[in-house]
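Below is one structure, written out as structure tokens; comments come after it.
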Amino acid sequence: LLSLQADRIEYRQDDDRVHALGTVRLQREDSHFLGTELDLQTEHQEGYFLSPRFYLGRTQAGGRAERVDFIGRNRMVVSRASYSSCDLVDGETPAWELSTRRVRLDFDANEGLAEGAVLRFQGVPILALPVMSFPVTDARKSGWLPPMISTSSTTGLGVSAPYYWNIAPEQDMTLTPTLMSKRGAALETEYRYLQPGWSGEANLFALPNDLQTGQQRWALRSEQRGAFAAAGGLRYDWSLLRVSDGDYWKDGLRGAESLTPRLLSSRGRLEQRRRLRATPLGEVDQQLYARVQRWQLLQDSGSSTRIVAPYQRAPQAGARWSDPGGGPLQWSLQTEVNQFVHADADRIQGSRAHLLGQIALPLGDAGWRLTPRLSLNSAAYQTDRPMSDGRRRAHRTIPGFSVDSAWTLERETAAFGRALVQTLEPRLLYALTPWRDQSTLPDFDSAALDFNATTVFSDNIFSGIDRVSDANQVTAGLTTRYLQTDTGAEVARFGIAQRLRLADQRTTLGYDPAGQKGWSDLLVGAGVKWGRRWATDATVQYNRDLQRTTRSALTGRYSPEPFKVISAAYRYQRHNAAQIANQGSEQIDLGWQWPLNAAAQAFTTNPSAAPKGRWFSVGRLNYSLHDKKLVDTVVGFEYDSCCWIGRVVIERLQSSLTQANTRLLFQLEFVGFSRLSLGADPLSSLQEHVPGYQSLRSQNPAAPSRFSNYD
């Protein structure tokens, strides 16, 4: 689609060529050109344009040129050009500008090739290359990516130059050579692949000679998932994460990012799910699986911070059958065999076979339900050395019974200035589990469950299989909710729950106190959304015997508009209910993203129309009242000038009781240049640590066309 305006237009019908002089305006699809002379063969769109200003809709940026040669619909050569997504004003230099001797643009091949390229920021050359290849859209393309500069207290000043290799539509690789002033030269490799039925990625970070330790350091991560369609829906996946040494987690090196930085998991799994018809049960859902899980433990040199690694499962195999629903009974049966090994040769090892079964009869409707349930937990052990009672083989079987009843009552009401529906949801659970002596049996995978509003209604206070708590107890809870009448969205929630033990608990893990007959701690929770802007949430655990709070969490959030959020939290927990009040954990947490000037304020209401020069503050402070110090700190500023974004973030994260890693993250992002950015990207840190953080381009506001400024 072509649109042409000019002071004088001459059209030759014999060769379908148009020649225009004067003030010439040309629009080709979403690209605009304004210049002094145009000569164009309209069918093949071949010709030239002299002294044009141009705007390319595909990149939402433009510039000036001495000459543009059109070589077909999606190819052109631009001579003596300057390019930017900033406003082009006569007599003024744009904030950033790429000037070149010649640029070849091929939109079909997604390739731009610039000769004699110089990138200037605020008039200062910051990058110069004799030849530069770049993508002209957001599609993938092989080539060098912008260099990254970082600084850290553990690695020093680091410079990286990543190279992206688009191997094939289903494969790519990124090679990132890095030079760190404190550690030396390293290479990071990321390989990704996608095939019909399977996909995965592999990452390797290699530091051949660490200048600090004189050792070779490395981190390896591999993940793959897939399915065998010919094998009845058999699926598999694996995840591997390993590092070279035990100090890797606190040295700030790449490649070992994990939710548990000192305990790295590697696992593999085979699984098949299918529905069977089994007379007289009817249809049955079947799950067959086999798994392997191993751990790499990274110990700290301090004895007070050493941790114990969990057992490794090598291997684990099992099957589970359950009803698909729709019948009067709910039932499930699971059997599993595990081989447990441990890195510590002094710990007992062995195998366990267990059987879990349950059957329930749900009664009631949407307003009430009554669910009696029978359960069975049976396990057999064989160990490599005698257990505490001298046996190497043992087994135990523990039945259980529970009755769970719940009601949901509703009424129309008005609160918070709105018409609402209020619910009243009482719940009562009785659980009876007989005591069986498990003190001589090994504990491979059990741990105490956290006491909260969900686990208070559990009939077993331990996770895993090896320990089943004896119980003769009643748990009562009451929740009321306020819901919007039209949407059903929750406006407010208030709840209370408590457990009453009718007999002393006798089963323990050996290091935890046994539950005594009587009332447990009282759990109280509330959450309120005070309109569109405010939201608060609170949970309190109160001990009646000590007559004091043992754990509490209070959080509040204020977010009136996009890119404006302030959150605050107070968390307190005593390590042991019997300890004195000043022992435990007590922290205050403050996070924010907030505009600092009028332009940024306007951006929160209308991003596409806001003026340039927008300043934002962003950060999170986590302060320990017990230790009287900041634990984690992330503080920074963001500046959005419409055509470029600048971010400066200081991050200090505690890696151990005595060590912390401090990083300075600085980034320049040039909008309209396939998101060209220079520096170390702080976005991942902000998104991870600042609650409610939004990237300034998360709403992807369309850049306004600069062609209107060319007149």
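Positions are given from 1, in the same order as the sequence printed here.
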Can Trp368 and Thr408 be counted as having a side-chain donor-acceptor contact under 3.5 angstrom? no

List in chain and number order the residues that pass salt bridge (charged side-chain N to carboxylate O under 4.0 Å, His left out) with Arg499, two or more places apart in sequence or in another chain; answer none if no residue qualifies. none

Is any NZ, NE, NH1 or NH2 atom of the basic residue among Asp245 and Arg217 found under 4.0 Å from an Asp or Glu carboxylate oxygen of the other? yes

Does one side chain, of Trp592 or Ser617, offer a donor that lies under 3.5 Å from an acceptor on the other? yes

Under a 3.5 Å distance rule, please check whether Asn661 uses its side chain to pair with a backbone N or O of Lys250 as donor and acceptor. no

In this structure, CZ of Arg544 is separated from CH2 of Trp519 (nearest 0.5 Å) by 7.5 Å

Verify whether one side chain among Thr176 and Glu188 offers a donor that lies under 3.5 Å from an acceptor in the other. no

Rounded distance [0.5 Å steps], OG1 in Thr604 versus CD in Glu561: 4.0 Å

Member of Arg411, Arg481, Glu410, Glu412 meeting the side chain to side chain donor-acceptor pair (under 3.5 Å) criterion with Gln422: Arg411

Ser160 vs Arg254, test: side chain to side chain donor-acceptor pair (under 3.5 Å). Steps then yes/no. CA-CA 12 Å; Ser160 302; Arg254 296 182 188 173; 3.0 Å; yes

Hey, does the side chain of Asn622 reach the backbone of Leu630 with a donor-acceptor pair shorter than 3.5 angstrom? no

Could you go through the side-chain contact (heavy atoms from CB on, under 4.5 Å) check for Ser239 and Arg269 one step at a time? CA-CA 9 Å; Ser239 174; Arg269 179 180 62 172; over 6 Å; no

Residues in side chain to side chain donor-acceptor pair (under 3.5 Å) with Asn203, at least two apart? none

Could you pull out all residues at least two apart from Arg571 that satisfy salt bridge (charged side-chain N to carboxylate O under 4.0 Å, His left out)? none

Does Tyr482 reach the side chain of Arg493, with side-chain heavy atoms less than 4.5 Å apart? no

Between CZ on residue Arg262 and CH2 on residue Trp249, distance to nearest 0.5 Å: 4.5 Å

With a 4.5 Å limit on heavy-atom distance, are the side chains of Glu586 and Gln573 in contact? no

Are the charged groups of Asp589 and Arg620 less than 4.0 angstrom apart, N to O? yes

Could you tell me if the ring centre of Phe616 sits under 6.0 Å from that of Phe637? no

Quick check: do Phe451 and Gln541 have side-chain heavy atoms less than 4.5 Å from each other? yes

CG-CG distance between Leu264 and Leu240, expressed to the nearest 0.5 angstrom: 10.0 Å

Within the side chain of Thr455, is there an N or O that forms a donor-acceptor pair under 3.5 Å with the backbone of Asn452? yes

Quick one, Gln484 with Thr487, criterion side chain to side chain donor-acceptor pair (under 3.5 Å). Give me CA distance, side-chain angles, the key distance, then yes/no. CA-CA 6 Å; Gln484 290 188 11; Thr487 65; 3.0 Å; yes

Quick test of your reading of the model: are Arg373 and Asp459 salt-bridged, counting only N-O distances below 4.0 Å? no

To the nearest 0.5 angstrom, please state how far the CD atom of Gln593 sits from the CG atom of Leu686. 8.0 Å

Any side-chain to backbone donor/acceptor pair from Glu490 onto Ala492? Under 3.5 Å, distance only. no

Is the side chain of Thr475 donor-acceptor paired with the backbone N or O of Phe457 at a distance under 3.5 Å, no angle test? no

Are any of the side-chain nitrogens in Arg501 or Asp504 under 4.0 Å away from the carboxylate oxygens of its partner? no

Greater than 12 external heavy atoms within 6.0 Å of Ile650's CD1: no

Do the ring planes of Trp644 and Tyr639 sit parallel (below 30°), tilted (30 to 60°) or perpendicular (above 60°)? tilted

Let's go through Arg427 and Asp404 carefully: what are the C-alpha distance in whole Å and the side-chain angles of both, what is the deciding distance for salt bridge (Lys or Arg N to Asp or Glu O under 4.0 Å) to 0.1 Å, and is it a yes or a no? CA-CA 8 Å; Arg427 183 180 178 185; Asp404 192 2; 2.7 Å; yes

Under a 3.5 Å distance rule, please check whether Ser446 uses its side chain to pair with a backbone N or O of Arg467 as donor and acceptor. yes

side-chain contact (heavy atoms from CB on, under 4.5 Å) assessment of Thr536 paired with Trp530: CA-CA 8 Å; Thr536 56; Trp530 307 92; 3.0 Å; yes

Using a 3.5 Å distance criterion without hydrogens, assess whether the side chain of Thr539 forms a donor-acceptor pair with backbone atoms of Gly525. no

Take Arg551 and Asp521 through the salt bridge (Lys or Arg N to Asp or Glu O under 4.0 Å) test and state the conclusion after the steps. CA-CA 10 Å; Arg551 181 165 60 173; Asp521 287 357; over 6 Å; no

Would you call Arg225-Asp237 a salt bridge at under 4.0 Å N-O? no

With side chains defined as the heavy atoms from C-beta onward, is the minimum distance between Pro595 and Lys564 less than 4.5 Å? yes

Does Ser685 form a side chain to side chain donor-acceptor pair (under 3.5 Å) with Glu651? I'd like the steps, not just the answer. CA-CA 8 Å; Ser685 177; Glu651 175 192 87; 2.4 Å; yes

Could you check if a side-chain atom of Arg557 sits within less than 4.5 angstrom of a side-chain atom of Asp537, using non-hydrogen atoms only? no

Test side-chain contact (heavy atoms from CB on, under 4.5 Å) applied to Tyr430 and Leu502, step by step: CA-CA 10 Å; Tyr430 173 72; Leu502 304 177; 4.1 Å; yes

Side chain to side chain, Ser266 and Arg242, heavy atoms closer than 4.5 Å: yes

Asp470 and Thr433: side chain to side chain donor-acceptor pair (under 3.5 Å), yes or no, with the steps? CA-CA 5 Å; Asp470 54 296; Thr433 305; over 6 Å; no

Is Asp251 salt-bridged to Arg183, going by a charged N under 4.0 Å from an acidic O? yes

Please report the C-alpha distance between Val635 and Leu621 in whole Å, then the side-chain angles of each, then the deciding distance to 0.1 Å, and finally whether the side-chain contact (heavy atoms from CB on, under 4.5 Å) criterion is met. CA-CA 8 Å; Val635 177; Leu621 302 175; 3.8 Å; yes

Is the side chain of Gln358 donor-acceptor paired with the backbone N or O of Ser332 at a distance under 3.5 Å, no angle test? no

Mark yes or no for whether Ser552, through its side chain, and Val540, through its backbone, hold a donor-acceptor pair below 3.5 Å. no

Look at the aromatic rings of Phe444 and Phe340 and report parallel, tilted or perpendicular, splitting at 30° and 60°. parallel

Within-4.5 Å side-chain heavy-atom neighbours: Arg663 and Thr155: no

Can you tell if the side chain of Val491 reaches within under 4.5 Å of the side chain of Leu483, non-hydrogen atoms only? no

So OG of Ser458 and CD of Gln473: to nearest 0.5 Å the spacing works out to 8.5 Å

Within the side chain of Glu201, is there an N or O that forms a donor-acceptor pair under 3.5 Å with the backbone of Glu190? no

Ring geometry between Tyr248 and Phe205 (parallel below 30°, tilted from 30 to 60°, perpendicular above 60°): perpendicular

